[in-house]
> 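Have a look at this one before I ask anything.
We name chains A, B, ... by the order of the sequence lines, and we start the count at 1 in each one.
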Amino acid sequence: MPELPEVEVVRRGLDQWVTHRQIESVEVLHSRAVRNHLAGGKDFCRRLSGRTINAVSRRGKFMWFALDDDHAVVTHLGMSGQVLVQEPEAEREKHLRIRVTFQDGGRAMHFVDQRTFGGMAIEELVEVEHGQRIPVSVLHIARDPLDPLFDPRTFVDGIRAKNTQVKRALLDQNLISGIGNIYADETLWRSEIHWALPTSRVTKVQAETLLRNSIDVMSEALAQGGTSFDSLYVNVNGESGYFSRDLNAYGREGEPCDRCGSIMVRESFANRSSFRCPRCQPKPRGIQLD
DNA sequence: GTTACGACCTGCGAGC
DNA sequence: TGCTCGCAGGTCGTAA
């Protein structure tokens, strides 16, 4: 599942392969991949033909290709999206949704997505603080903790002001972006905090600890090329990352905790799973869980 | 305005 | 062997 480190690995690869190249043609092979481009697939293809990609940028899990006409192709990988750079004669992937070729005749860009939760859309770029320009649909997304302009105080004050569970807050892309289910569990394990702790009871020190651990775990994952459990997450060259070997919580149900040796448990959380150590991350006092 | 929850989607593995 | 069903989870729309 692509979260911040995985998306950043892809962004870096694409920045190397597609920046400053002029698009020749675009094929949309599955309409759902451009469902957020309201003018439709034909318009998507027509408007991109002849445009040059100036840069590949990212905020949280959102990535965009800045074009030479004040617009950008906003791209979200969803749960299973991949952006690959392939030789022009390469065999088409089973779940190829969008294919972009370039006028230099070099490697093409393939958007591959098995579960079709991801997609692309052309959007206007608007100026925000510090002269940055971001797509309209990304305006509501908070800066991610690896962003040099991320404000720790805003996060610390923000999470303590909320009225929800701490894991829900970590997954709230309006508060802090880039964290998904895997890195939320890893952050909570490192912080020795239960996922259901009410944010109203999070101390300033705990909030600072959560932030520091989220930065650490995602930085470490980024250094290893991201986390992958199967072929669903790969970089632009189709290679998997190695961070799954270093996970302390996610997917470790029934295994001993790396810190205390207690058996890790899996619990249902918001229609998905949450993994924790019952000793290091005890249930908060006074909290009733199903 | 804030929070919670269902829908979207498809491949895989378990169970029968 | 083949079928059914549950699970995986990021984002958005809607209801409360």
> To the nearest 0.5 Å, tell me how far A:Asp185 CG sits from A:Arg276 CZ.
11.0 Å
> For nucleotides 2-9 of chain B, just jot down a letter per nucleotide in 5' to 3' order: B, S or -, based on protein non-hydrogen atoms under 4.0 Å.
-SSSS-BB
> Measure the distance from CD1 on A:Ile176 to C1' on C:dG10 and round it to the nearest whole Å.
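Roughly 16 Å, once rounded to whole Å.
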> Testing the basics here: between A:Tyr183 and A:Ala221, what is the closest heavy-atom pair and its distance to 0.1 Å?
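Smallest interatomic distance, heavy atoms only, reads OH-CB, 3.2 Å.
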> How is A:Arg266 classified with respect to the nucleic acid when contacts are heavy atoms under 4.0 Å: base, sugar-phosphate, or nothing?
sugar-phosphate
> It should be established whether A:His76 places a side-chain nitrogen or oxygen under 4.0 Å from OP1 or OP2 of nucleotide C:dG10.
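Result: no.
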> Between atom CG in A:Asp185 and atom C1' in C:dA8, what is the gap in whole Å?
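Taking CG of A:Asp185 and C1' of C:dA8, I get 13 Å after rounding.
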> Where along residues 139-147 of chain A does a heavy atom come under 4.0 Å from DNA chain B, residue by residue in number order?
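Contacting residues: none.
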> OP1 or OP2 of C:dA8 sitting under 4.0 Å from any side-chain N/O of A:Ser273?
yes
> Can you tell me how far P of C:dG13 sits from CG of A:Leu38, to the nearest Å?
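The distance from CG of A:Leu38 to P of C:dG13 comes to 10 Å, rounded to the nearest Å.
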> Can you check the A:Gln82 CD to B:dG11 P distance for me, whole Å?
13 Å
> Mind checking whether A:Phe150 and A:Phe155 have parallel, tilted or perpendicular rings, split at 30° and 60°?
tilted
> Atom CG of A:Asp113 to atom P of C:dT11: distance rounded to whole Å?
13 Å
> If I take atom CG in residue A:Leu175 and atom P in nucleotide C:dT11, what distance separates them, rounded to the nearest angstrom?
14 Å
> Nearest-Å distance, CG (A:Asn174) to P (B:dG1)?
13 Å
> Just checking A:Phe269: base, sugar-phosphate only, or nothing, at a heavy-atom cut-off of under 4.0 Å?
nothing
